[in-house]
Amino acid sequence: MIKIEKLHKSYPIGKDSLHVLKGIDLHIKEGEFVSIMGSSGSGKSTLLNIVGLLDIHDKGDYYLNGELIKDLNEKKAAILRNKFLGFVFQSFNLISYKTALENVALPLYYKGMSRKERLKVAMDYLEKVGLKDWASHLPNELSGGQKQRVAIARALVTNPKVVLADEPTGALDTTTTDSVMDLLKDINDEGMTVFVITHEEEVAEKSKRIVRLRDGIIISDTLTKAAKAL
Amino acid sequence: MKFLFDSDTWQEIYGSIRKNKVRTGITIIGVLWGIFLLVVLLGAARGLENSFNKAFGNFATNSVFVWTQSTDTPFKGFQKGRRFRLNMKDIQVLKSEYADEIKLLAPRNQTMNLIVKDFKSGSFKVSGDFPVLDQIQKKKLIYGRFLNQNDINSSAKVTVISEDMYKQLFEKDEMPIGQNIKINSINYKVIGVYEPSNTIDFDGDTAYIPFSTFKKVYNTANNIDWMMITANEAIDIEQMESDVLLTLKNLHKVHPEDERAFGSVNLGKEIAKFTGFLTGMQFLTWFVGIATLIAGVFAIGNILLITVKERTKEIGIRRALGATPKSIRQQIILESVFLTTVAGMIGIILGATILMIIDTLFGQGVDATLVNPTVNIPIILAAFTTLVVLGTLIGLIPAHMATIVKPIEALREE
């Protein structure tokens, strides 16, 4: 599903450049539930952004769903994101003046689905995350956990190949963290590839595979207890 | 083009406008003011033009008036400062020499006299005229008729008076036709009453009597005070004016380069001055209106640019969810076009309303200053199209700004 070979990325800072990713090799198969762990500055967010086609890498190869990602223009990237990827952000990134339902339906709008149809699909997904009754609420009327579940519903609504979650629990308390992670786990159990970035050990333990990054290189790649138990 | 008729597109625009009500309102007012000014100024300019046209309307605009003053150059033994008068011989010479050029020629004699009717009286101008005057300076008669050739031939003691004179001299609802009034103690029968002219009028309230009668009563012999000449179509009126003056100078032994001996007014030339003034005013109107419009459109561009800056994050989210740069651009441009269109329409409606009010306040009655202040539909459509085109162009800038930022940078924005 995701195949990365010798991936390099650096950012220019003034005259110098900061080498963030120093040759990453990573292969994620369909249906996996992978956590990327690492302290801040380890390059995990950069990795996710590159995987999510929000940023471009300098060197190395990146295959998404078997397709080599190279010289992508914005239009192509947008279409690929819409088709293959679902995003969940730490700060939820819901559009403040749209209701929960409209937020969930937005990716389908860019897919070109009719309004009636996409509101129906969006409602199904809201139901799936247990927020059917909150469909007509604006994001500021929802709790953090609810917001993140709306965001997850939005990530799933296009039925993507991979869900990319960047610190999905970073802004949540312990209880809601568990419920959000359980939700991601359920999704994974249904066969969805889930790619989570976190720095919380307990969160990572919920996934099946933990990849640890430090200073732009992978230092360990292990299966979790949860995966071994299967 | 499909996206134009997509209810979702409009829902998105409605959402973003609703989010910034005040700012959107102020922006709209900017453009609205521009097109409003354009409409009102153009309408007012048109109204002024119409009232000028109306003022000159009943008068033959290819007219020249000629009278005598005093010479300023000694010539053929005469000293300078000599006074002289036009006479009927001049008229005959002009008529025969300029048969092709001159269409109408009206010699005139005028004086002021006391006019008495029973116990009422007033001092008015008395004018000895030929029926031809009616063709040069159209008289609208309320009662009776104007002078005719029979009156001239028989030197009849008849007169045509103005409505105001009638009101001053007669009892209310008294029939004036056939009644006698005394002009300089001589009885004249009133044969017509004319309406005051609502256009330019060189006579004012005048009692018109036959030229031949005037000649006898006031003992003017063959002399005349002045004359009105109108030219045939396609005749260069200025050329005719100078030719006529030269002939007259020759007849009266005046130096050909004497500037003072004859006074003349060329109505066409005077009107051209006004027309030039009107053209200048219209140019100014357009300039001010369009400049204001452009300022308004820039305001919209500016606001959209700020909006885009503020919405960078939202645009980033949308792009992460699969919005193509094209769809982002379309939305911002459409927003710009939509705002300019709405503002333009409101501006036109308001402008038209003001013109209606101007019309009721200043556009009615005989002495209206702004007659029928209107703006042509094609002009409005052109201004409107310009507005929409400018709105599109100016929308391109924020639209471009929105899409050059990488989605990841847009998302980082707080």
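The model shown is predicted, which means the values in this text are computed figures rather than measured ones. Chain A is the first sequence line, chain B the second, and so forth, proteins listed ahead of strands; every chain is numbered from 1.
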Side chain, backbone, both or neither: which part of A/Tyr109 has a heavy atom under 4.5 Å from chain B?
->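 The side chain, not the backbone.
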
Residue part contacting chain B, namely of A/Lys98, when any heavy atom lies under 4.5 Å |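 Just its side chain gets close to chain B.
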
Is [X] atom [atom1] crowded by more than 12 heavy atoms from other residues, nucleotides or ligands, each under 6.0 Å away?
X	atom1	answer
B/Phe287	CZ	no
B/Trp33	CH2	no
B/Ile377	CD1	no

With rounding to the nearest 0.5 Å, note down the distance linking CD1 in B/Ile317 to OG in A/Ser91.
->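 Reported value, rounded in 0.5 Å steps: 7.5 Å.
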
Interatomic spacing from CD in A/Glu74 to CZ in B/Arg319 - rounded to 0.5 Å =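 Spacing of CD (A/Glu74) from CZ (B/Arg319) equals 4.0 Å.
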
Looking at A/Asn73, A/Leu54, A/Asn49, which has the largest count of heavy-atom pairs under 4.5 Å with chain B?
->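 Heavy-atom pairs under 4.5 Å are most numerous for A/Leu54.
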
Select, from A/Arg154, A/Lys75, A/Lys111, the one with the greatest count of heavy-atom pairs under 4.5 Å involving chain B.
->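 The residue among A/Arg154, A/Lys75, A/Lys111 with the greatest pair count is A/Arg154.
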
Can you see which heavy atom on [X] is nearest to which on [Y], and at what distance?
X	Y	result
B/Ala323	A/Ala78	O-CB, 3.4 Å
A/Tyr110	B/Ser327	CE2-OG, 3.6 Å
B/Ala320	A/Phe89	CB-CZ, 4.1 Å

Chain A: which of B/Glu314, B/Lys326, B/Arg318 shares the most heavy-atom pairs with it under 4.5 Å?
->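 With the most close heavy-atom pairs to chain A, the winner is B/Arg318.
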
